[in-house]
Asker: 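Submitted below is the structure of interest, expressed as structure tokens.
Just the heavy atoms: all of them, side chains too, but no hydrogens, waters or symmetry mates, feed the values below.
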Amino acid sequence: MYICKNDVVQVIAGDDKGTRGKVLRVIRSEGKVVVEGVNRVYRHLKPSRRNPQGGRLSKEMPVDASNVMLIDPVQGVPTRVGVRSLPDGSKELFAKKSGTRIRVLKKAKVTQK
């Protein structure tokens, strides 16, 4: 999974299809991501000392990572991503549509002589 915290993604399946948002959290063990403003549910709270009024709290729930796509930084549209190795030995994540770099995955090794 190449989605990280603070990436901008678009939902491609489900009730919130077409919605864009920032990734708030990544749950790698379950293959899920929490996206800002997507898959909102209400948590009903009883009155307590902390919350004397009680009521409903709206919060985001995890979405499967396969249901979101990264946004191409140049064109601003959802894109598939690939990994390519550079001549200096580093690896980068790139957008398949425009070929632009999204982020560096592995830095080049520096050898001392």
Asker: Looking at every non-hydrogen atom in both residues, tell me the closest pair between Gly37 and Glu60 and how far apart they are.
Answerer: N-OE2, 3.0 Å
Asker: Once side chain to side chain donor-acceptor pair (under 3.5 Å) is applied, what residue pairs with a partner in residues 76-97 remain, sequence neighbours excluded?
Answerer: Arg84-Glu92, Asp88-Ser90, Glu92-Arg101
Asker: Considering residues at least two apart in sequence or located in another chain, which fulfil the side-chain hydrogen bond (donor to acceptor under 3.5 Å, both in side chains) criterion with Ser58?
Answerer: Arg40
Asker: Is it the case that more than 12 heavy atoms not belonging to Arg43 sit under 6.0 Å from its CZ atom?
Answerer: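 Open: at most 12 neighbouring heavy atoms sit under 6.0 Å from CZ of Arg43.
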Asker: Can you list, by chain and residue number, the hydrophobic cluster partners of Ile3 when the side-chain cut-off is 4.5 Å?
Answerer: Met1, Tyr2, Val9, Val11, Val23, Val26, Val33, Val35, Val38, Val63, Val68, Leu70, Val81, Val83, Leu93, Ile102, Leu105
Asker: Nearest 0.5 Å, what's the CD-CG distance between Glu36 and Asn39?
Answerer: 14.0 Å
Asker: Could you give all pairs that pass the salt bridge (charged side-chain N to carboxylate O under 4.0 Å, His left out) test and reach residues 45-59, with sequence neighbours left out?
Answerer: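 Sorted result for residues 45-59: empty, none.
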Asker: Using side-chain hydrogen bond (donor to acceptor under 3.5 Å, both in side chains) as the criterion, list what pairs up with Asp64, not counting sequence neighbours.
Answerer: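 Asp64 satisfies side-chain hydrogen bond (donor to acceptor under 3.5 Å, both in side chains) with Ser66 once adjacent residues are dropped.
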Asker: Quick one: closest heavy-atom pair of Ser98 and Val74, and the distance?
Answerer: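 In this case the closest contact between Ser98 and Val74 is OG-CB, 4.2 Å.
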Asker: Under the side chain to side chain donor-acceptor pair (under 3.5 Å) definition, can you give me all pairs with a residue in residues 11-26, not counting sequence neighbours?
Answerer: Gln10-Arg20
Asker: Would Asp7 and Arg103 count as a side chain to side chain contact (heavy atoms under 4.5 Å, CB included) if you check the C-alpha gap in whole Å, the side-chain angles of each, and the deciding distance to 0.1 Å?
Answerer: CA-CA 10 Å; Asp7 282 346; Arg103 84 171 73 83; 2.3 Å; yes
Asker: What closest approach, in Å, do Pro47 and Gln53 show between heavy atoms, and which atom pair accounts for it?
Answerer: CG-O, 4.2 Å
Asker: Testing the basics here: between Thr100 and Pro73, what is the closest heavy-atom pair and its distance to 0.1 Å?
Answerer: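 Heavy atoms only, the tightest pair is OG1-CG, 3.8 Å.
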